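For reference, the structure is listed below as C-alpha cells.
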Amino acid sequence: MKIYRVTNEAESHIIEEIAHLFLQQRTMDGEPEEKTRTFAGIKMALENPEKSGIIIAEEENSVIGLAFFNLGVSLRIGGPYLWLNELYVHEKHRNRGIARKLLLHLIYWAERDGIKSIELETGINNSVTKHLYNSLDFHDIISKRYAFHF
C-alpha cells in the first residue's frame with residue numbers, strides 16, 4: 001500500500017477514483033450534479049496546493065482511502081492550521097489501520113511544513129472515529145458548527 005499526497009499531475013483514473021470514493025461516502029454516486037461538483041472541487045484542490053490537498057491510500061492501483069484538507073491561518077494559534085474535511089476508507093478495506101496511516105501521514109507532513117494545529121469534526125455518536133482521533137492525541141473541543149451556502 002502506498003500513501004501519498006496527490007498532485008495536479010495525477011493521472012485521470014486517480015482523480016476518478018477519488019471522486020467515486022468521495023461520492024460513495026456521501027451516498028450520492030448516481031447524481032450527475034454531485035459528480036460535476038465533486039470533480040470541480042478535486043481539480044480546484046489539486047490546483048491550489050497552498051490552500052488544500054488530498055492524501056490517498058492506494059493499493060493495487062486502486063484508491064482505497066482518502067483524507068481531504070484545507071489550509072488556513074488562525075489568529076487564535078498565531079499561524080497556519082489544517083482543517084481535515086474528509087477522512088474515508090472504502091468499506092471493504094476497513095479495520096486494517098488505513099485511516100490511522102492516512103492520519104499519521106497527514107500529521108507528519110503538517111508538522112514538517114510548520115502547521116501549528118490540525119482540526120476536524122466528527123459525529124457525536126461516531127465512536128470509531130472518536131477512538132481513532134483520541135488514540136492519536138486529538139482532543140475534544142466543544143462547539144457548534146454553522147454553515148451558510150450560496
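Starting from 1, each residue takes its place in the sequence as its number. As the structure is a computational prediction, the values presented were derived from the model and not from experiment.
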Is the number of heavy atoms from other residues, nucleotides or ligands under 6.0 Å of Ile141 CD1 greater than 12? yes

Rounded to the nearest 0.5 Å, what separation is found between the CD atom of Glu121 and the CG atom of Asn85? 9.0 Å

Among Leu103, Leu102, Leu104, exactly one meets side-chain contact (heavy atoms from CB on, under 4.5 Å) together with Arg100. Which residue is that? Leu104

Rounded to the nearest 0.5 Å, how far does NE2 of His105 lie from CD1 of Ile3? 7.5 Å

Taking only residues two or more places apart in sequence, or in another chain, which ones meet Pro49 in a side chain to side chain contact (heavy atoms under 4.5 Å, CB included)? Arg5

Distance check, rounded to the nearest 0.5 Å: Glu9 atom CD versus Ile14 atom CD1? 13.5 Å

Consider only side-chain heavy atoms of I, L, V, M, F, W and Y, link residues closer than 4.5 Å, and tell whether Val63 and Ile42 are in one cluster. yes

Side-chain heavy atoms under 4.5 angstrom apart, residues restricted to Ile, Leu, Val, Met, Phe, Trp, Tyr: same cluster for Leu120 and Tyr81? no

Do side-chain atoms of Gln25 reach the backbone of Tyr88 as a donor and acceptor pair under 3.5 angstrom? no

Glu17 versus Ile56: any side-chain heavy-atom pair under 4.5 Å? no

Could you tell me whether Lys116 atom NZ has more than 12 heavy atoms of other residues or ligands within 6.0 Å of it? no

Looking at every non-hydrogen atom in both residues, tell me the closest pair between Ile77 and Ser117 and how far apart they are. CD1-CB, 3.5 Å

Show your reasoning for whether side-chain contact (heavy atoms from CB on, under 4.5 Å) applies to Trp109 and Leu82. CA-CA 11 Å; Trp109 173 83; Leu82 183 149; 3.7 Å; yes

From CD1 (Ile118) to CD (Glu111), nearest 0.5 Å: 9.0 Å

Would one find more than 12 heavy atoms of other residues, nucleotides or ligands at under 6.0 Å from atom CG of Asp113? yes

Verify the neighbour count for atom CE of Met44: are there more than 12 heavy atoms of other residues, nucleotides or ligands below 6.0 Å? no

With side-chain contact (heavy atoms from CB on, under 4.5 Å) as the test, would you mind laying out the steps for Ile18 and Phe68 before giving the verdict? CA-CA 10 Å; Ile18 291 168; Phe68 168 64; over 6 Å; no

Shortest non-hydrogen pair, Ile54 vs Ala45, comes out as CD1-CB, 4.4 Å

Following the transitive rule for hydrophobic clusters with a side-chain heavy-atom cut-off under 4.5 Å over Ile, Leu, Val, Met, Phe, Trp and Tyr, establish whether Leu21 and Leu46 coincide in one cluster. yes

Give the C-alpha distance, both sets of side-chain angles, the deciding distance and a yes or no for side-chain contact (heavy atoms from CB on, under 4.5 Å) between Val128 and Arg94. CA-CA 11 Å; Val128 173; Arg94 291 184 184 162; over 6 Å; no

Using the rule side-chain contact (heavy atoms from CB on, under 4.5 Å), only one of Thr129, Leu132, Leu106 pairs with Leu87; which is it? Leu132

Could you grab the distance from atom CG of Leu66 to atom NE2 of His90, nearest 0.5 Å is fine? 11.5 Å

Short question: side chain of Lys51, backbone of Asn70 - any donor-acceptor pair under 3.5 Å? no

Output the distance between atom NZ (Lys43) and atom CG (Asn48), rounded to the nearest 0.5 Å. 11.0 Å

For residues Ile98 and His93, report the shortest heavy-atom separation together with the two atoms involved. CD1-O, 3.3 Å

Taking only residues two or more places apart in sequence, or in another chain, which ones meet Phe138 in a ring pair (Phe, Tyr, Trp, His ring centres under 6.0 Å)? Tyr133

Do you know which two heavy atoms are closest between Ile115 and Leu71, and how far apart they sit? CD1-CD2, 3.8 Å

Check: Ser62/Glu60 side-chain N/O donor and acceptor closer than 3.5 Å: no

Please find the pair of heavy atoms, one from Asp140 and one from Asn134, that lie closest to each other, and give the distance. OD1-OD1, 4.1 Å

Taking all non-hydrogen atoms of both residues into account, name the closest pair between Glu58 and Asn61 and its distance. OE2-CA, 3.7 Å

Check step by step if side-chain contact (heavy atoms from CB on, under 4.5 Å) holds for Arg96 and Glu59. CA-CA 12 Å; Arg96 293 179 39 204; Glu59 191 171 76; 2.6 Å; yes

Verify the neighbour count for atom CD of Glu11: are there more than 12 heavy atoms of other residues, nucleotides or ligands below 6.0 Å? no

